[in-house]
Amino acid sequence: MKKLLSVLALCSVITCSNAFAHSDHGIISGQAALNIVNKSIPKMTFKEFDFEVGKLDNSWKAVSSEDLSVVSVEDSFFVVSATNKEIGNTIYFKIATDGQVLDVTNKNEF
């Protein structure tokens, strides 16, 4: 019985410490927001992520880091623009300060 209780206590300590380790990822920088957008665009060319812009066509794969720009920095998010020069279109990413992509739209109305 003591061994069972010891194992249960150990498991609960491991589970709790793991939860605490992932509870605070900190605040990202503008450069990190650009990197997140740079990695998100290729993913959005082959999968729909329920954002306003929908699935992007393959021409978006040619967008490079030079085509990205931090448009504004708000209290809890960054707005990053991505311009596809091939088709002459710009989309806007709303990136939370924790790194989560909150929204992607055709207009900067955040």
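Because only heavy atoms are used, hydrogens play no part in the values below, and waters and symmetry mates are left out as well, while side chains stay in. Since the structure is predicted, the reported quantities are computational estimates derived from the model, not experimental observations.
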Quick one: do V63 and F49 end up in the same hydrophobic cluster if we chain Ile, Leu, Val, Met, Phe, Trp and Tyr together by side-chain heavy atoms under 4.5 Å apart? yes
What about F110 and I27, same hydrophobic cluster or not, with Ile/Leu/Val/Met/Phe/Trp/Tyr joined at side-chain heavy-atom distances under 4.5 Å? no
Contacts satisfying salt bridge (Lys or Arg N to Asp or Glu O under 4.0 Å) that involve residues 26-36 (not counting sequence neighbours) are none
Quick one: salt bridge (Lys or Arg N to Asp or Glu O under 4.0 Å) pairs with a partner in residues 36-47, sequence neighbours left out? none
Once side-chain contact (heavy atoms from CB on, under 4.5 Å) is applied, do any residues pair with [X], and if so which ones, sequence neighbours excluded?
| X | answer |
| --- | --- |
| S81 | S69, V71, T90, Y92 |
| E66 | S64 |
| E109 | K107 |
| D57 | S59, W60, I87 |

Just verifying a value: how many Å separate [X] [atom1] and [Y] [atom2], rounded to the nearest 0.5 Å?
| X | Y | atom1 | atom2 | result |
| --- | --- | --- | --- | --- |
| F93 | F78 | CZ | CZ | 15.0 Å |
| N106 | N89 | CG | CG | 6.0 Å |
| S29 | L34 | OG | CG | 8.0 Å |
| L56 | F46 | CG | CZ | 11.5 Å |
| L68 | I36 | CG | CD1 | 12.0 Å |

I need the minimum non-hydrogen distance between [X] and [Y], along with the two atoms involved.
| X | Y | result |
| --- | --- | --- |
| L102 | A96 | CD1-CB, 3.7 Å |
| G30 | V70 | O-CG2, 3.8 Å |
| F77 | T97 | N-CG2, 3.7 Å |
| K55 | E48 | N-OE1, 3.2 Å |
| T45 | P42 | OG1-O, 2.5 Å |

Hey, does T105 have a side-chain heavy atom less than 4.5 Å from the side chain of F51? no
If we only count heavy atoms from C-beta on, is the V104 to E52 side-chain gap below 4.5 Å? no
Under the side-chain hydrogen bond (donor to acceptor under 3.5 Å, both in side chains) test, residues paired with E74 that sit two or more places apart: S72
Here's a test for you: under side chain to side chain contact (heavy atoms under 4.5 Å, CB included), which of N38, V37, N108, N35 qualifies with V80? V37
Going by the rule salt bridge (charged side-chain N to carboxylate O under 4.0 Å, His left out), which residues pair with D67 if we only count those two or more places apart in sequence or in a different chain? K85
